[in-house]
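Input: a single structure, listed below in structure tokens.
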Amino acid sequence: MILVDDSRLVWSMLMNSRAAGSPVKPGARVDIVLDNAGFELVTDLVLADFLLASKLASEIHFHGKCIPWFVSDTTRKDFEWTMRQVQSANHKWMSKCGFQWQGYMKQGTWVYHDHPFWTLPHEFCDMSKDAPDLYAKLQKSDLIFFKGDLNYRKLTGDRRWDYTVSFDKVLRGFQPAPLCSLRTLKADVQVGLRPGQGEKLAATDPDWMTSGKYAVIQFSSPYKE
């Protein structure tokens, strides 16, 4: 169940990127801060392919970890291995996708990055001072997707915020570009809920914050209406 669904805001921003006067330039750059390798990474690549094919983006930048914080975290080795596996798949269209994705990498349409900051014990609001080079790189993006529970915890400082505190507020100034968190709840931190929503969930499902049954799509933008 999706508790907060800002997907329309994300979609609207991408669809309006060609509009005159929009703060987002045509052919947006989209960054994806990766979470798990394996099938989840394949779905991230499919999303990136869709954004290009739909002309909602002209370039995609993937951000993985130098070392796995958790055993399943995506590293460069995982990224390259997945590409090879898809190319060698015993399925015509899957294999074709793999070669197309490799072509994107060679053309520079897809770019893979890693940085030590992603595995350091810092909240993302500290990035501008602790990793200014990474922050400057993200500032070039038009939309950043943060995948997974760990990234959400570092966006929010892993604090026990009141459920109704806004997503914008808990970012505490971390706004290199418009960003969207795609997260399945697996830790006891959650913000941006309607009044009473968290309490109702706790009464009916005591493990709602860690069961993996619930998800959020939460969007924040530095651009003001």
Side-chain H-bond candidate by donor/acceptor type, Tyr104 with Gln100, under 3.5 Å: yes
No-hydrogen, no-angle side-chain donor-acceptor test under 3.5 Å, His63 and Asp31: yes
Search all heavy atoms of Ser220 against all heavy atoms of Phe167 and return the closest pair with its distance. CB-CD2, 4.0 Å
Do Met1 and Leu193 belong to the same hydrophobic cluster, where Ile, Leu, Val, Met, Phe, Trp and Tyr are linked whenever their side-chain heavy atoms lie under 4.5 Å apart, directly or via other members? yes
Tell me whether Met13 shares a hydrophobic cluster with Ile60, the cluster being built from Ile, Leu, Val, Met, Phe, Trp, Tyr side chains joined at under 4.5 Å. yes
Identify the heavy atoms of Ile144 and Phe146 that sit nearest to each other, and give their distance. CG2-CE1, 3.4 Å
Scanning both residues in full, the closest heavy-atom pair of Ile32 with Ala48 reads CD1-CB, 4.4 Å
Could you tell me which non-hydrogen atom of Phe219 sits nearest to which non-hydrogen atom of Leu9, and how far apart they are? CD2-CB, 3.8 Å
Check step by step if salt bridge (Lys or Arg N to Asp or Glu O under 4.0 Å) holds for Asp114 and Lys65. CA-CA 5 Å; Asp114 51 29; Lys65 294 182 172 67; over 6 Å; no
Can you get from Val4 to Trp11 by hopping between Ile, Leu, Val, Met, Phe, Trp and Tyr side chains that sit under 4.5 Å apart? no
Donor-acceptor list for residues 176-185 side chains, cut-off 3.5 Å, not counting sequence neighbours:
unit_1: Arg183; atom_1: NE; unit_2: Asp149; atom_2: OD1; d: 2.7
unit_1: Arg183; atom_1: NH1; unit_2: Val189; atom_2: O; d: 2.8
unit_1: Arg183; atom_1: NH1; unit_2: Gln190; atom_2: OE1; d: 2.7
unit_1: Arg183; atom_1: NH2; unit_2: Asp149; atom_2: OD1; d: 2.9
unit_1: Arg183; atom_1: NH2; unit_2: Ala187; atom_2: O; d: 3.0
unit_1: Arg183; atom_1: NH2; unit_2: Val189; atom_2: O; d: 3.1

Could Lys140 and Glu59 be called an ion pair, given the rule that one side-chain N must be under 4.0 Å from one carboxylate O? no
Can a side-chain donor-acceptor contact be found between Thr75 and Asp78 if the only test is distance below 3.5 angstrom? yes
Is a side-chain N or O of Tyr214 found less than 3.5 angstrom from the main chain of Leu3, in a donor-acceptor match? no
Is there a donor-acceptor pair under 3.5 Å between the side chain of Thr74 and the backbone N or O of Asp35? yes
Please check if Val111 and Trp101 belong to a single hydrophobic cluster, counting links between Ile, Leu, Val, Met, Phe, Trp and Tyr side chain heavy atoms closer than 4.5 Å. no
Calculate, to the nearest 0.5 Å, the distance between atoms CH2 and CD belonging to Trp208 and Gln197 respectively. 7.5 Å
Consider only side-chain N and O atoms of His115 and Asp133, and report whether a donor and an acceptor are under 3.5 Å apart. yes
List the steps, then state whether side chain to side chain contact (heavy atoms under 4.5 Å, CB included) holds for Asp130 with Leu120. CA-CA 10 Å; Asp130 291 324; Leu120 294 178; over 6 Å; no
About how many Å separate CE of Met94 and NZ of Lys96, when rounded to the nearest 0.5 Å? 14.5 Å
With no hydrogens and no angle check, is any side-chain donor or acceptor of Arg153 less than 3.5 Å from a backbone partner on Asn151? no
From CD (Glu123) to CG (Leu155), nearest 0.5 Å: 10.5 Å
Residue pair Val216, Tyr152: steps toward the side chain to side chain contact (heavy atoms under 4.5 Å, CB included) verdict: CA-CA 10 Å; Val216 294; Tyr152 190 88; 4.2 Å; yes
Within the 4.5 Å heavy-atom criterion, are Tyr112 and Met83 side-chain neighbours or not? no
Taking the side chain from Ser54 and the backbone from Leu51, do they hold a donor-acceptor pair closer than 3.5 Å? no
Is the backbone of Lys92 close enough, under 3.5 Å, to the side chain of Ser95 for a donor and an acceptor to pair up by distance? no
Say whether, by atom type as modelled, one donor and one acceptor occur between the side chain of Asp73 and the main chain of Trp69 under 3.5 angstrom. yes
Checking the side chain of Asp205 only, and the main-chain atoms of Asp207 only, is there a donor and an acceptor separated by less than 3.5 Å? yes
Hphob cluster co-occupancy, Val86 + Phe99, side-chain heavy atoms under 4.5 angstrom: no
Classify the ring geometry of Phe79 against Phe62: parallel below 30°, tilted from 30° to 60°, perpendicular beyond 60°. tilted
Exam field: side chain Thr109 to backbone Met105, donor-acceptor pair closer than 3.5 Å: no
With a 4.5 Å cut-off on side-chain heavy atoms, are Asp6 and Gln218 touching? yes
How many angstroms lie between CG in Asp49 and CG in Leu47, if you round to the nearest 0.5 Å? 9.5 Å
Check the orientation of Phe174 and Phe124. Use parallel for under 30°, tilted for 30 to 60°, and perpendicular for over 60°. tilted
Checking side chain to side chain contact (heavy atoms under 4.5 Å, CB included) for the pair Thr164/Arg194: CA distance, chi angles, key distance, verdict? CA-CA 6 Å; Thr164 56; Arg194 299 184 302 275; over 6 Å; no
If only atom types and distance count, is the side chain of Trp161 paired as donor or acceptor with the main-chain N or O of Val170 below 3.5 Å? no
Find out whether Tyr163 and Glu199 are in side-chain contact, i.e. whether some heavy atom of one side chain is under 4.5 Å from a heavy atom of the other. yes
Between the side chain of Lys154 and the main-chain N/O of His122, is any donor-acceptor distance below 3.5 Å? yes
For Lys129, does the NZ atom sit with more than 12 other heavy atoms under 6.0 Å from it, leaving out its own atoms? yes
Start with the C-alpha distance between Val33 and Lys147, add both sets of side-chain angles, then the distance that settles side chain to side chain contact (heavy atoms under 4.5 Å, CB included), and finish with yes or no. CA-CA 6 Å; Val33 181; Lys147 294 291 306 301; over 6 Å; no
Locate the shortest heavy-atom distance separating Leu56 from Ala28; write the atom from each residue and the value. O-CB, 3.7 Å
side-chain hydrogen bond (donor to acceptor under 3.5 Å, both in side chains), that's the test. Do Ser7 and Asp5 meet it? Break it down for me. CA-CA 6 Å; Ser7 57; Asp5 186 356; 2.6 Å; yes
To the nearest 0.5 Å, how far apart are OG in Ser128 and CD in Gln139? 8.5 Å
Taking every non-hydrogen atom, the tightest pair across His61 and His113: ND1-NE2, 2.7 Å
Quick one: pull up CD in Gln175 and OG in Ser221 and give me the separation to the nearest 0.5 Å. 6.5 Å
